[in-house]
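Below is one structure, written out as structure tokens, with a few remarks after it.
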Amino acid sequence: MLLPMDQRQRLEVRTYKREIPPNHFMFHILSFSLLSEAGMERCETDDFEVGGYKWCLAFYPNGNKDEDADGYISLYLVIKETEKLPVGWNVDASFKFLVFDHIQHEFLTIEGVDGTYKRFDATKTEWGFSQALSLETLKKESNGYMEDDMCIFGAEVFIVQFCFKMESLKMMKYTHNNVMTWKIKDFSKLNEMYYNSEVFDLEESEWMITLFPKGNGLAKGKFLSLYLMLEESENLLPGRKQFVQFKLRVRNQIQDSAHAEMTSRAWLTSGGTCGFEDFLSLEDLENPFKGYIKNDCLTVEAEILHMSESGSTTFSESRICHVCKSRRCS
């Protein structure tokens, strides 16, 4: 049952019905009418614990007179045992109050219109609603909130931790110290299916070139196959990939401007490879006039053009985040 919008705004609460009972606390009031007769202005419940903190409800059966709440129930959430908390403590929490409907067996849920959290600290140890529910609404028999002068209230508290993980992605461009050169001697004597170069370090990543002298897959017997492998990266988050743009090259040892090269890009995990099955035809490779093999030596290169760098940071409430300038982050 939603209140009219103008009334919800004036009361600074919104209400709705649900079947699920309150998670954290229930307050059973017997002989409600006698509270006023006895002159009770404020009642604090026993403590209950949520999120490692002690809480209680402060209940005003005829409204908080200091907040002009005549004709209403006033309800507040109070943090307790604050003397046990460290100096400068604060706790951010959102909360809901509930009222049991004995007819529909549902709970009227009362919460702030904006749905935001409230900060509890040494200067403000309780938050709530001075006009949580009108006495007229509470006592009206058809609403079901009062039965035989008895009513049931509840509370839920949710601690706001402000702790999250942020990942950063940085793309780097390389123009020097970014070429790995692999000279393969006695090339005609290679008889294994594939060969790996030595590890090439760039920033905090390790790379290798993998070469299939007689081709790989469908290119076997027709082409030389060439791949770049990401051996390991310290900047790579577990289960994540690193972006790389690169060139693979077989140098022409006769004409310096006639190298065989191809450019590719890929997202690679540690141990992942990217390259070309059909990098260079064996016919061209073995042609002495092409200049790729000289003195039975083949020179292969990998040139890293761009590479991503990622990182992660866990942010919590206690420090300033220099990204969003918020006190919620660290």
>> Classify the ring geometry of F27 against F59: parallel below 30°, tilted from 30° to 60°, perpendicular beyond 60°.
In response: perpendicular
> Is the shortest distance from a Lys or Arg side-chain nitrogen in E106 or R18 to a carboxylate oxygen in the other one below 4.0 Å?
Replying inline: no
>> Salt bridge check, E44 against R42: does any charged N sit closer than 4.0 Å to a carboxylate O?
In response: yes
>> Looking at K17 and D101, is any side-chain nitrogen of the basic one under 4.0 Å from a carboxylate oxygen of the acidic one?
In response: yes
> Say you draw a straight line from CG of L230 to NZ of K241; how long is it, rounded to the nearest 0.5 Å?
Replying inline: 12.0 Å
> Do N216 and Y227 get their side chains close enough for a donor-acceptor pair, meaning under 3.5 Å?
Replying inline: yes
> Which word best sums up how the rings of F100 and H102 line up, parallel for under 30°, tilted for 30 to 60°, or perpendicular for over 60°?
Replying inline: perpendicular
> Can you tell me how far the CG atom of L228 sits from the NZ atom of K247, to the nearest 0.5 Å?
Replying inline: 14.0 Å
> Going by atom types only, do D149 and S31 share a side-chain donor-acceptor pair under 3.5 Å?
Replying inline: no
> Taking N143 for the side chain and Y145 for the main chain, is one N or O donor matched with an acceptor at less than 3.5 Å?
Replying inline: no
>> Under 4.0 Å between a side-chain nitrogen and a carboxylate oxygen: does that hold for K65 and E41?
In response: no
> Would you call the rings of F120 and F95 parallel, tilted or perpendicular, where under 30° means parallel and over 60° means perpendicular?
Replying inline: perpendicular
> Between the side chains of S205 and Q242, does any donor sit under 3.5 Å from an acceptor?
Replying inline: yes
>> Under the rule for side chain to side chain contact (heavy atoms under 4.5 Å, CB included), what residues qualify as partners of L282, not counting sequence neighbours?
In response: K214, L224, L285, E286
>> Please verify the inter-ring angle class for F212 with Y194; under 30° counts as parallel, over 60° as perpendicular, anything in between as tilted.
In response: tilted
>> My understanding is that only residues two or more places apart in sequence, or in another chain, count here; which of them pass side chain to side chain contact (heavy atoms under 4.5 Å, CB included) with Y174?
In response: M172, N178, L202, E203, I304, M307
> Would S270 and E232 count as having a side-chain donor-acceptor pair, cut-off 3.5 Å?
Replying inline: no
> Could you go step by step and tell me if I79 and W55 meet the side chain to side chain contact (heavy atoms under 4.5 Å, CB included) rule?
Replying inline: CA-CA 5 Å; I79 189 167; W55 309 86; 3.7 Å; yes
> Can a salt bridge be assigned to the pair E277 and K220 using a cut-off of 4.0 Å between side-chain N and carboxylate O?
Replying inline: no
>> Before you tell me yes or no, could you show the steps for R249 and E303 under salt bridge (charged side-chain N to carboxylate O under 4.0 Å, His left out), namely the whole-Å CA-CA distance, both residues' side-chain angles and the distance that decides it to 0.1 Å?
In response: CA-CA 8 Å; R249 181 182 302 116; E303 180 179 357; 2.6 Å; yes
> Taking 4.0 angstrom as the limit, do K189 and D296 come out as a salt bridge?
Replying inline: no
> Less than 4.0 Å between a side-chain N and a carboxylate O, is that true for K54 and D47?
Replying inline: no
